[in-house]
Each structure stands twice: as structure tokens, then as C-alpha cells.
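Every chain is numbered from 1, with letters handed out A, B, ... down the list of sequences.
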Amino acid sequence: MASKITAPRGTQDLIPPHSARWQELEAKIHALARRFGYAEVRTPLFEATELFVRGVGETTDIVEKEMYTFTDKGGRSMTLRPEWTAPVVRAALEHQMLARGPQRLYYVGPIFRYERPQKGRYRQSHQFGVECTGYRGAEADAEVISLGWELIRAYGIEGVSLRINSIGDASCRPRYRQALLEHFRPNIAQLSEEAQRRIERNPLRLLDSKEERDLRFVASAPHFEDFLCEECREHFASLRANLDLLEIPYSIDWRIVRGLDYYTRTVFEVSSNVLGAQSTLCGGGRYDDLIASLGGPNMPAVGFALGIERFLMVVEASRGSAAAPRAGIQAIALGAQARATLLPIVGELRRATEIPAFMDYEERKLLAHLKIADRNGARFALIVGSEELASGQAVLRDLEGRTDRRLPLLSPKDVADALVEATGGSL
RNA sequence: GUGGCUGUAGCUCAGCUGGUUAGAGCGCCGGUCUGUGGAACCGGAGGUCGCGGGUUCGUAUCCCGUCAGCCACCCCA
């Protein structure tokens with residue numbers, strides 16, 4: 001080990017073969033978003049700290065203890081993006097996008113949160129998410145959910161479930177909050193320490209407590225359902241109807257509350273049973289007041305964020321690690337003259353097909369070269385040595401079928417064409 | 001921020017209660033083998049035993065600290 005410097009805590013290097021899985025997923029994400037009519041947004045890695053304080057909420061854990069904040073040389077407080085929604089809204093406002101009507105936007109990229117790492121949780125992680133602005137109706141909620149659901153379906157992931165809830169709006173949440181306070185306060189002494197702390201600040205959060213001693217009080221707590229105002233009740237019913245129309249299976253979980261302040265009405269989570277304690281794969285909801293609170297028009301919006309690392313963990317768990325199919329061709333040259341002959345042929349191949357063409361430049365025995373071809377996962381080997389040079393016939397070996405055939409060594413272009421032809425263009 | 005477990009070769013790990021030059025398997029490189037691979041056999045390279053301090057005649061082994069990884073709490077993607 002030449003260097004003792006390692007990747008910072010809670011971060012990870014993305015190296016082969018894992019990087020290929022990421023490329024595949026990102027390609028699928030871009031294609032999927034396009035089919036739903038969503039366009040990509042990329043924002044700076046860091047923003048004015050104030051954006052997150054106002055957008056995410058001063059009393060959230062993210063703002064209180066998880067932000068990577070620094071002062072730049074101009075004395076400004078900056079923060080590494082801990083979530084995407086506030087920056088996307090900021091960008092949309094800054095470029096007057098919302099004045100052009102409803103917007104469908106998506107993003108893929110890193111977020112940073114200063115937390116103690118554990119399974120499925122890192123200091124730098126990556127999210128794919130969407131934001132749909134300008135629609136008050138629950139069709140938009142269902143659209144956003146179905147977009148995320150499609151990605152999960154496309155990967156054939158099992159053991160995931162969608163849970164939805166409504167946390168009301170500014171007109172009905174205070175009433176529910178009050179009811180919760182009245183329910184928990186008389187028993188405050190019997191609640192966990194954590195619960196006692198939450199009760200005044202955010203009583204909704206008591207509902208997702210995992211403490212044994214809290215559970216019996218949580219179980220008997222009033223349901224938000226009974227306190228929703230008429231509009232929120234209708235919105236929730238409409239969401240359910242739309243999910244049914246789209247044939248997306250879900251369950252209602254009145255304990256989902258979410259930790260970010262900006263949510264209104266719809267909240268939802270997709271969780272998996274293979275992720276350990278951090279089981280949320282994808283979470284989101286409606287935020288009808290956020291845009292206005294960031295200085296924009298009074299405009300509704302809904303969105304979600306999906307954890308890329310967690311998603312790939314679930315993919316790996318449900319499909320195992322299947323051996324990658326063989327692809328490409330290994331050019332094997334025995335001797336300097338053979339190398340000179342094969343080099344331009346490899347060049348032509350790389351122009352003619354999108355399949356990898358491998359070549360090793362060391363002087364090795366045929367056996368060693370074949371082992372390298374094997375390691376590269378090549379489907380074919382094109383072998384040229386002194387015999388082939390003399391006869392003008394290269395050997396093309398199918399490494400899967402273990403069969404040989406001969407190809408005349410003509411011009412590089414002709415050989416490349418013949419290879420494409422001989423291998424059906426798929427190599 | 002709190003707690004538990006773990007740091008020995010590129011990887012997975014062994015090394016008992018401290019005792020001479022720190023081991024295995026896999027991988028890598030070479031040979032058997034200029035001519036047909038995933039094999040076998042033989043050989044080789046590769047280690048400040050995470051880092052620092054302490055105890056001791058002597059520590060990979062015991063103690064303290066520290067850093068990192070894993071898992072859980074909190075919270076979230």
C-alpha cells in the first residue's frame with residue numbers, strides 16, 4: 001500500500017464491474033423519464049445554506065445535524081446538496097420555468113448527509129427523483145408513483161411494497177396535531193425519552209416510533225383519516241382511484257409521516273424486505289406550499305426520490321449475480337509482425353461495431369493469450385501467428401462453441417467486414 | 001451523536017491461554033507448453049499483522065487510545 005489515504009467515511013468508489021450496473025440503471029432511468037415526458041435538470045453540487053433551511057425545514061434532522069456546510073472565501077455559507085427538491089424548485093423559479101405551465105422534471109445525482117454510515121446509508125449517496133409541478137389533482141400523484149413503480153417493475157424486483165397516506169394540509173393538520181397531543185400527553189411519563197422529546201416539536205413523528213413502550217399508545221392513537229378536511233379526504237380518495245386505474249398495488253399506512261417539513265396531503269414510501277433497517281427504497285409525496293415558501297407562485301407539486309445504492313442492492317439480492325454473457329473479440333498476435341497485422345484490423349473493428357475489441361500487446365504464448373481472452377469475457381478470438389501470416393489465413397475461434405474457422409487476411413477493412421459477417425454482426 | 005462486533009497478503013480467512021525466520025486457499029506472474037482457453041503439477045512475487053502508545057526479557061496475540069469497516073439506534077434515499 002503506497003498510500004494510507006482512503007475514501008472519506010461513508011463514501012465509496014464505484015469500480016468495475018459495479019460501475020457497469022450503474023450505467024445500465026442510469027440508461028434505464030433516462031429512457032423511462034423520457035417515456036413519461038420528464039426532462040432532466042442538473043443543479044450545482046452546493047447551494048446557499050439558506051435554501052435548505054427554508055426549503056427542508058429548520059427543525060428537520062437534515063438541517064439540524066446532517067448538512068455539509070462550509071464558508072466560502074467570500075464569507076458565504078454554502079451547503080453540499082442534502083436533497084434535490086429545494087434546488088430543483090430554486091432552479092425552476094430562477095429560470096421562470098413555472099410561468100410556462102406545468103413542468104415535469106427529473107434528476108439523477110449525488111446528495112450529501114453527515115450521518116453515521118450503516119447498511120443502505122452513506123454520507124454521499126445518489127438519488128433519482130422527479131418533480132411534477134402545476135397539478136393540484138391526484139392524477140399527478142398517481143403519475144409520479146407509477147413512474148417509480150415502472151422502474152421497479154422493469155427490473156422484476158420482488159419483495160417491495162407501496163404504502164400511501166395523507167397527512168392533510170394547513171387547514172386540517174393542526175386539528176389532528178391537537179388530537180395527538182391530547183392522546184399522548186396524559187401518558188407522557190410512560191413514553192420513551194425520544195417520544196417525549198418529539199411530542200411538542202412534531203407529534204406526528206411519534207407515530208413511526210419503534211420503541212416497544214410507545215407502541216401501545218401509538219396503536220390506540222387517533223387516525224388522521226378521521227381529521228382530514230373535505231378537500232384532503234377527496235384528494236386521497238382520488239389518489240386511490242387513480243392507482244386502481246393504473247393497477248398499482250398499494251396499502252394504506254396511516255403511520256407514514258416523512259421527515260421533511262414540506263409535505264402536504266399525499267405521502268408514500270416503497271420499501272423492500274432485503275435492505276435491513278434502512279428499508280425505504282423510494283419516498284415522496286405532495287408539497288403544495290413549498291414553491292410559495294421559496295418565493296415562487298402559489299403552485300402545487302408532487303415528487304419522489306429513489307436511492308440508487310439501495311435500488312441496486314435490492315436488484316442484486318433478487319437476481320443474484322448471473323454470469324455476464326460473452327461479448328467481443330480478442331485479437332491474439334504471436335510475434336511483432338502479427339501485431340502489426342492485427343492492429344489496424346482491431347482499429348477497423350472498433351469502427352464497424354459497438355462490441356468490444358480486446359488486444360494484449362505482450363509477447364506471450366498462445367495459451368496465455370487465450371487465458372486473457374477468457375478473463376475479458378470475449379466471445380471470439382482472432383489468432384494470427386507465423387503460420388497464419390505464411391498462409392494468409394487467420395484463425396477465428398469461437399470461444400463458446402470451441403470451433404475454428406479460417407478467414408483470409410486481406411486489407412484490415414475486408415477482414416473486419418468478414419468478421420462482422422462471420423459472427424452475424426453480434427460477435 | 002450513542003451502542004455492539006470486526007481490522008493479519010489483491011480477496012476470503014487461520015494463527016489456542018504472549019515464545020525462534022507470520023500461514024493456507026483463491027487470484028496474480030513464470031515454467032511444464034511457439035500453436036488452441038476455463039484444468040493439472042511445479043516454482044515465484046506479494047505483509048510496517050489498521051495506526052499510536054503501554055505492559056513485558058519478548059506481543060499479530062494482553063491493556064489504553066485513535067482511525068476505519070460492518071450492524072443497530074436516531075433519521076432517511
Legend entry - Which residues share a ring pair (Phe, Tyr, Trp, His ring centres under 6.0 Å) with A/Tyr155, sequence neighbours left out: A/Phe311
Inset, instruction - Could you check which of B/G38, B/U36, B/C71 has an atom nearest any side-chain atom of A/Lys119? - result: B/C71
Legend entry - Donor-acceptor contact present, side-chain A/Arg173 to main-chain A/Ile167, <3.5 Å: yes
Inset, instruction - Looking at every strand, decide which applies to A/Tyr122 at a 4.0 Å heavy-atom threshold: base, sugar-phosphate, or nothing. - result: base
Inset, instruction - Write down the distance between CD (A/Glu309) and P (B/C70), rounded to a whole number of angstrom. - result: 12 Å
Legend entry - Whole-Å C1' distance, B/C13 and B/G1: 34 Å
Inset, instruction - Could you check how far CZ of A/Arg326 sits from C1' of B/G37, rounded to whole Å? - result: 8 Å
Inset, instruction - For A/Glu387, report the nucleic acid contact type (base, sugar-phosphate, nothing); a contact means any heavy atom under 4.0 Å. - result: base
Inset, instruction - Give A/Gly148 one of three labels, base, sugar-phosphate or nothing, depending on what nucleic acid heavy atoms sit under 4.0 Å from its own. - result: nothing
Legend entry - Flag side-chain contact, heavy atom, 4.5 Å: A/Arg240 against A/Ile252: yes
Could you pull out every donor-acceptor pair under 3.5 Å between side chains of residues 356-364 of chain A and any protein atom, sequence neighbours left out?
unit_1: A/Asp360; atom_1: OD1; unit_2: A/Glu362; atom_2: N; d: 3.0
unit_1: A/Asp360; atom_1: OD1; unit_2: A/Arg364; atom_2: NE; d: 3.0
unit_1: A/Asp360; atom_1: OD2; unit_2: A/Arg364; atom_2: NH2; d: 3.3
unit_1: A/Glu363; atom_1: OE1; unit_2: A/Arg339; atom_2: NH1; d: 3.1
unit_1: A/Glu363; atom_1: OE2; unit_2: A/Gly335; atom_2: N; d: 3.4

Inset, instruction - Starting from C1' on B/A68, measure out to CD on A/Gln12 and report it in whole angstrom. - result: 14 Å
Inset, instruction - Locate the shortest heavy-atom distance separating A/Arg104 from A/Gly37; write the atom from each residue and the value. - result: CB-O, 3.5 Å
Legend entry - Partners meeting side chain to side chain donor-acceptor pair (under 3.5 Å) with A/His30 (sequence neighbours left out): A/Tyr106
Inset, instruction - Can you tell me which stems RNA chain B forms, taking runs of 3 or more consecutive Watson-Crick or G-U pairs with both distances under 3.5 Å? - result: B:1-7 with B:67-73, B:10-13 with B:23-26, B:28-32 with B:40-44, B:50-54 with B:62-66
Inset, instruction - Return the set of residues passing ring pair (Phe, Tyr, Trp, His ring centres under 6.0 Å) with A/Tyr114 (not counting sequence neighbours), or none when no residue passes. - result: A/Tyr68
Inset, instruction - Round to the nearest Å and state the distance from A/His369 atom NE2 to B/G38 atom P. - result: 16 Å
Inset, instruction - Counting heavy atoms from C-beta on, name the nucleotide in B/C74, B/U36, B/G37 closest to the side chain of A/Lys371. - result: B/G37
Inset, instruction - Determine, using ring centers only, whether A/Tyr38 and A/Tyr107 are less than 6.0 Å apart. - result: no
Inset, instruction - Please list residues of residues 398-408 of chain A whose heavy atoms come under 4.0 Å from any atom in RNA chain B, ordered by number; otherwise none. - result: A/Asp398, A/Leu399, A/Arg402, A/Asp404
Legend entry - Selection: residues 270-281 of chain A, any non-hydrogen atom under 4.0 Å of RNA chain B: A/Gly276, A/Ala277, A/Gln278, A/Thr280, A/Leu281
Inset, instruction - Figure out the CD1/P separation between A/Ile372 and B/G27, and round it to whole Å. - result: 15 Å
Legend entry - Closest nucleotide among B/C28, B/G69, B/G31 to the A/Arg375 side chain: B/C28
Legend entry - Flag for A/Glu50-A/Ser77: side-chain donor and acceptor within less than 3.5 Å: no
Legend entry - Under-3.5 Å donor-acceptor pair between A/Gln118 side chain and B/C74 base: yes
Inset, instruction - Could you check whether A/Glu269 gets within reach of a base, just the sugar-phosphate, or nothing at all, counting any heavy atom under 4.0 Å? - result: nothing
Inset, instruction - Only counting residues at least two apart or in another chain, list the ones meeting side chain to side chain contact (heavy atoms under 4.5 Å, CB included) with A/Pro174. - result: none
Legend entry - Whole-Å C1' distance, B/A60 and B/U32: 38 Å
Sub-3.5 Å pairs of nitrogen or oxygen atoms, protein against nucleotides 1-7 of chain B:
unit_1: B/U2; atom_1: O4; unit_2: A/Arg116; atom_2: NH1; d: 2.5
unit_1: B/G3; atom_1: O6; unit_2: A/Arg116; atom_2: NH2; d: 3.2

Inset, instruction - For A/Ala305, answer base if it contacts any base atom (sugar-phosphate contacts may also be present), sugar-phosphate if it contacts only those atoms, and nothing otherwise; contact means non-hydrogen atoms under 4.0 Å. - result: sugar-phosphate
Legend entry - Within 45° cone and under 6.0 Å: A/Arg81 NZ/CZ vs A/Trp84 ring: yes
Inset, instruction - Report which part of the nucleic acid A/Gly385 touches: base, sugar-phosphate, or nothing (heavy-atom distance under 4.0 Å, all strands). - result: base
Legend entry - 5' precedence on RNA chain B between A/Glu363 and A/Leu370 (nearest-nucleotide basis): A/Glu363
Legend entry - Closest listed nucleotide, where the reference is the side chain of A/Asp374 and the choices are B/A68, B/U36, B/G38: B/G38
Legend entry - Spacing between A/Arg9 atom CZ and B/C71 atom P, to the nearest angstrom: 12 Å
Inset, instruction - Classify the nucleic acid contact of A/Thr60 as base, sugar-phosphate or nothing, counting any heavy atom under 4.0 Å across all strands shown. - result: nothing
Legend entry - Ring geometry between A/Tyr176 and A/Phe224 (parallel below 30°, tilted from 30 to 60°, perpendicular above 60°): parallel
Inset, instruction - Decide if atom CZ of A/Arg163 counts as having more than 12 heavy atoms of other residues, nucleotides or ligands within a radius under 6.0 Å. - result: yes
Legend entry - d(CZ, A/Arg123; P, B/C74) in whole Å: 19 Å
Legend entry - Contacts of A/Glu139 that satisfy side chain to side chain donor-acceptor pair (under 3.5 Å) - sequence neighbours left out: none
Inset, instruction - State whether the distance check finds a donor on one side and an acceptor on the other, under 3.5 Å, for side chain A/Arg397 versus base B/G37. - result: yes
Inset, instruction - Could you list all the ring pair (Phe, Tyr, Trp, His ring centres under 6.0 Å) pairs where at least one residue sits in residues 382-404 of chain A, not counting sequence neighbours? - result: none
Legend entry - Length of the CD1-P vector between A/Ile383 and B/G37, whole Å: 10 Å
Legend entry - Non-neighbouring partners of A/Asn165 that pass side chain to side chain donor-acceptor pair (under 3.5 Å), sequence neighbours left out: none
Inset, instruction - Would you classify A/Arg310 as touching base, sugar-phosphate or nothing, given that sugar-phosphate means primed atoms plus P, OP1 and OP2, and contacts are heavy atoms under 4.0 Å? - result: base
